[in-house]
Amino acid sequence: MTLRVGMVGTGWFGRMHAEKLSKMDDIYVSAFCGTSKEKAEAAAQPFNDARGYDSITDMLDDRKLDAVYICVPPFAHGEAELALVERGIPFLVEKPIGLDGETPAKIAEAVERSGLITSTGYHFRYMEGTERARELLQERTALMALGYWMGSMPGVYWWRKMEGSGGQFVEQTTHIVDALRYLLGEVTEVYAAYGNRIMASKEEGVTVPDVGTVTLKLASGAVATISNTCGIQGGDRAGLHIYTDQGVLELGSDGALKDLRANTKTEYLNRNDPYQAENEAFIHAVRTGDTSRIRSSYADAWLTHRVTIAANQSAETGLPVKL
């Protein structure tokens, strides 16, 4: 069954997904929608018969698409998702799914009413180490977790502004929040402390905090702390450490998992491409209607997004936020 796929967004993620899709059997990347027709046409150029557009409506009117990928900055969500729901076209949207709570809530409600097939770009869920951790946790009691996303500030202009990205916890560290939910269950309360240490004085127009720590209570009774910084120039790393009654599980952003027990240390390497696995699960669902391989639907991603938005709210008010 041949599928024609459109891309909304002409940046790295959109092009990356398009390249992987174009190598799959009977998948044709047929359209790109960007902030300008020139950018969209440039992104479309490597793909046979693909066209560029500067309007989601024009793209959907001109091309018959079976699925669409949405790869845009946090502030740009809303129009594309709602247009696709209205036309009944399945979509995969890259994280984070929005800037605030209002727009994703509206989209989640529309998706639920329509029953549309959706997926989100939480690729940590498709890493082999994550799946192995889920298996091991079936026989262990998780006590607490420590998560982290440590690195430097991305160069794109919108990332350094709260009204563009929502801040690091929303834009990047959401991966760690989502992995925590996927492995240990739902979050019921968050308390966050953010700070502005150096980046506002080093770079122009910075309004995002450059350090932050968030404490989370889980429905299971476990607790977690997730910290991040975008102010370091070396030693960048991301991951989640889970402390259990039988030892520690250390999940890295490379997909590897370390199982540290009293007298043994076992390391599981990641051998798959989680982005490819994510694409294959979504395309399979579009072709067959079977969504069982999709590990993060829009509804699930909305629950992760609520946690990150609550952290921002807590940091601003100085008070815990219950979910």
> Is there side-chain contact between Arg132 and Asp259, with heavy atoms separated by less than 4.5 Å?
Replying inline: no
>> Between Asp210 and Arg160, does any NZ, NE, NH1 or NH2 come within less than 4.0 Å of an OD or OE carboxylate oxygen?
In response: no
> Under 3.5 Å, side chain of Glu81 to main-chain N/O of Gly78, donor-acceptor pair present?
Replying inline: yes
> In chain order, what residues pass the side-chain contact (heavy atoms from CB on, under 4.5 Å) check against Thr213, with sequence neighbours excluded?
Replying inline: Thr225, Ser227
>> Please determine whether the number of non-hydrogen atoms from other residues, nucleotides or ligands lying under 6.0 Å from atom CG of Asp26 exceeds 12.
In response: yes
>> Taking the basic N atoms (NZ, or NE/NH1/NH2) and the acidic carboxylate oxygens, is any pair closer than 4.0 Å for Glu19 and Arg15?
In response: no
> Crowded around Arg237 CZ? As in, over 12 foreign heavy atoms under 6.0 Å?
Replying inline: no
> Do the non-hydrogen side-chain atoms of Tyr126 and Gln276 ever get within less than 4.5 Å of each other?
Replying inline: no
>> Pair Asp61, Arg87 - check salt bridge (charged side-chain N to carboxylate O under 4.0 Å, His left out), show working.
In response: CA-CA 10 Å; Asp61 285 346; Arg87 298 183 187 226; 2.9 Å; yes
>> I'd like to know if the side chain of Asn270 and the backbone of Met127 have a donor-acceptor N/O pair within less than 3.5 Å.
In response: no
> Can you tell me if Asp66 uses its side chain to pair, donor with acceptor, with the backbone of Arg4 under 3.5 Å?
Replying inline: yes
>> Strictly by salt bridge (Lys or Arg N to Asp or Glu O under 4.0 Å), give each pair with a member in residues 275-293 just once, sequence neighbours left out.
In response: none
> Rounded to the nearest 0.5 Å, what separation is found between the OG atom of Ser114 and the CD1 atom of Ile89?
Replying inline: 12.0 Å
> For Thr10, what residues pass the side chain to side chain donor-acceptor pair (under 3.5 Å) criterion, not counting sequence neighbours?
Replying inline: none
> Where is the tightest heavy-atom contact between Gly318 and Tyr191, given as atom of each residue plus distance?
Replying inline: O-CE1, 3.5 Å
>> Please find the pair of heavy atoms, one from Gly52 and one from Ala40, that lie closest to each other, and give the distance.
In response: CA-CB, 3.6 Å
>> For a quick test of reading the model, state the closest non-hydrogen atom pair linking Ala83 to Ile56 and the distance between them.
In response: CB-CG1, 4.3 Å
>> Is it the case that the side chains of Tyr182 and Asp300 hold a donor-acceptor pair, with the cut-off being a distance below 3.5 Å and no angle test?
In response: no
> What about Val223 and Leu218, same hydrophobic cluster or not, with Ile/Leu/Val/Met/Phe/Trp/Tyr joined at side-chain heavy-atom distances under 4.5 Å?
Replying inline: no
>> Let's go through Arg125 and Glu131 carefully: what are the C-alpha distance in whole Å and the side-chain angles of both, what is the deciding distance for salt bridge (charged side-chain N to carboxylate O under 4.0 Å, His left out) to 0.1 Å, and is it a yes or a no?
In response: CA-CA 7 Å; Arg125 294 193 178 207; Glu131 200 56 32; over 6 Å; no
> Tyr53 and Asp62: side-chain donor and acceptor closer than 3.5 Å?
Replying inline: yes
> Does any non-hydrogen side-chain atom of Glu128 lie less than 4.5 Å from one of Arg271?
Replying inline: yes
> Are Asp49 and Arg63 close enough for a salt bridge, meaning some N to O gap below 4.0 Å?
Replying inline: yes
>> Please find the pair of heavy atoms, one from Ile117 and one from Ala285, that lie closest to each other, and give the distance.
In response: CD1-O, 3.3 Å
> Between Ile242 and Arg140, does a side-chain contact (heavy atoms from CB on, under 4.5 Å) hold up when you go through it step by step?
Replying inline: CA-CA 11 Å; Ile242 301 169; Arg140 306 182 189 187; over 6 Å; no
> Would Tyr122 and Arg295 satisfy side-chain contact (heavy atoms from CB on, under 4.5 Å), going step by step from the backbone distance to the final call?
Replying inline: CA-CA 8 Å; Tyr122 282 109; Arg295 295 182 182 174; over 6 Å; no
> Should we count CD of Glu86 as having more than 12 external heavy atoms under 6.0 Å?
Replying inline: no
> Quick one: are His77 and Val72 in side-chain contact, heavy atoms under 4.5 Å?
Replying inline: yes
> Any side-chain donor paired with an acceptor under 3.5 Å for Asp178 and Thr304?
Replying inline: yes
>> Return the OG1 to CG distance between Thr173 and Asn228, rounded to the nearest 0.5 Å.
In response: 3.5 Å
> Can Trp302 and Ile107 be said to form a side-chain contact (heavy atoms from CB on, under 4.5 Å), step by step?
Replying inline: CA-CA 9 Å; Trp302 165 231; Ile107 296 168; over 6 Å; no
> Same cluster or not: are Val170 and Met153 linked, directly or through other Ile, Leu, Val, Met, Phe, Trp or Tyr residues, by side-chain heavy atoms under 4.5 angstrom apart?
Replying inline: no
>> If hydrophobic clusters are built from ILVMFWY residues whose side chains come within less than 4.5 Å, do Leu92 and Val8 share one?
In response: no
>> Tell me if the NZ atom of Lys20 is crowded by more than 12 foreign heavy atoms within 6.0 Å.
In response: yes
>> Can you confirm whether Gln168 sits close enough to Tyr194 that some side-chain heavy atom of one is under 4.5 Å from a side-chain heavy atom of the other?
In response: no
> Under 30°, 30 to 60°, or over 60°: which ring-plane class applies to Tyr69 and Phe282, parallel, tilted or perpendicular?
Replying inline: perpendicular
>> I'd like to know if the side chain of His305 reaches the main chain of Asp100, judged simply by a donor and an acceptor atom lying under 3.5 Å from each other, with no hydrogens or angles considered.
In response: yes
> For Asn48, does the CG atom sit with more than 12 other heavy atoms under 6.0 Å from it, leaving out its own atoms?
Replying inline: no
>> Could you walk me through whether Glu186 and Arg181 satisfy the salt bridge (charged side-chain N to carboxylate O under 4.0 Å, His left out) test, starting with their C-alpha distance in whole Å, then the side-chain angles of each, then the deciding distance to 0.1 Å, before giving a yes or no?
In response: CA-CA 5 Å; Glu186 297 305 331; Arg181 283 190 54 246; 2.8 Å; yes
>> Do Lys95 and Thr120 have side chains that approach each other closer than 4.5 Å (heavy atoms only, starting at C-beta)?
In response: no
> Considering residues, nucleotides and ligands other than Glu189, do more than 12 of their heavy atoms fall under 6.0 Å from its CD?
Replying inline: yes
> Linking I/L/V/M/F/W/Y whenever any side-chain heavy atoms sit under 4.5 Å apart, do Tyr28 and Val286 land together?
Replying inline: no
> How close do Ile294 and Ser119 get, heavy atom to heavy atom, and via which atoms?
Replying inline: CG2-OG, 3.7 Å
>> For Thr288 and Met1: C-alpha separation, side-chain torsions, deciding distance, then whether side-chain contact (heavy atoms from CB on, under 4.5 Å) applies.
In response: CA-CA 10 Å; Thr288 67; Met1 176 183 177; over 6 Å; no
>> Against Ile226, only a single residue in Thr215, Leu216, Val190, Leu146 fulfils side chain to side chain contact (heavy atoms under 4.5 Å, CB included); can you say which?
In response: Leu216
> Which atom pair, heavy atoms only, marks the closest approach of Ser165 to Val208?
Replying inline: OG-CG1, 3.8 Å
> Is there a donor in the side chain of Thr174 and an acceptor in the side chain of Thr308, or the other way round, less than 3.5 Å apart?
Replying inline: no
> Nearest 0.5 Å, what's the NZ-CZ distance between Lys37 and Phe32?
Replying inline: 15.5 Å
> Taking side chain as C-beta onward, heavy atoms only, is Phe124 less than 4.5 Å from Leu183?
Replying inline: no
>> Just so I know, are the side chains of Thr244 and Leu137 near enough to count as touching, which here means a heavy-atom distance under 4.5 Å?
In response: yes
> Looking only at atom types and distance, does a side-chain atom of Asp236 sit under 3.5 Å from a main-chain N or O of Ser152, one as donor and one as acceptor?
Replying inline: no
>> Would you compute the distance between atom CG of Leu65 and atom CG of Leu84 and round it to the nearest 0.5 angstrom?
In response: 8.5 Å
>> So for atom CD, which belongs to Glu102, do other residues, nucleotides or ligands contribute more than 12 heavy atoms lying within a distance under 6.0 Å?
In response: no
>> With clusters defined by side-chain heavy atoms of hydrophobic residues (ILVMFWY) lying less than 4.5 Å apart, directly or transitively, does Val307 cluster with Ile309?
In response: no
>> Tell me whether Glu139 at atom CD has more than 12 heavy atoms from other residues, nucleotides or ligands lying less than 6.0 Å away.
In response: no
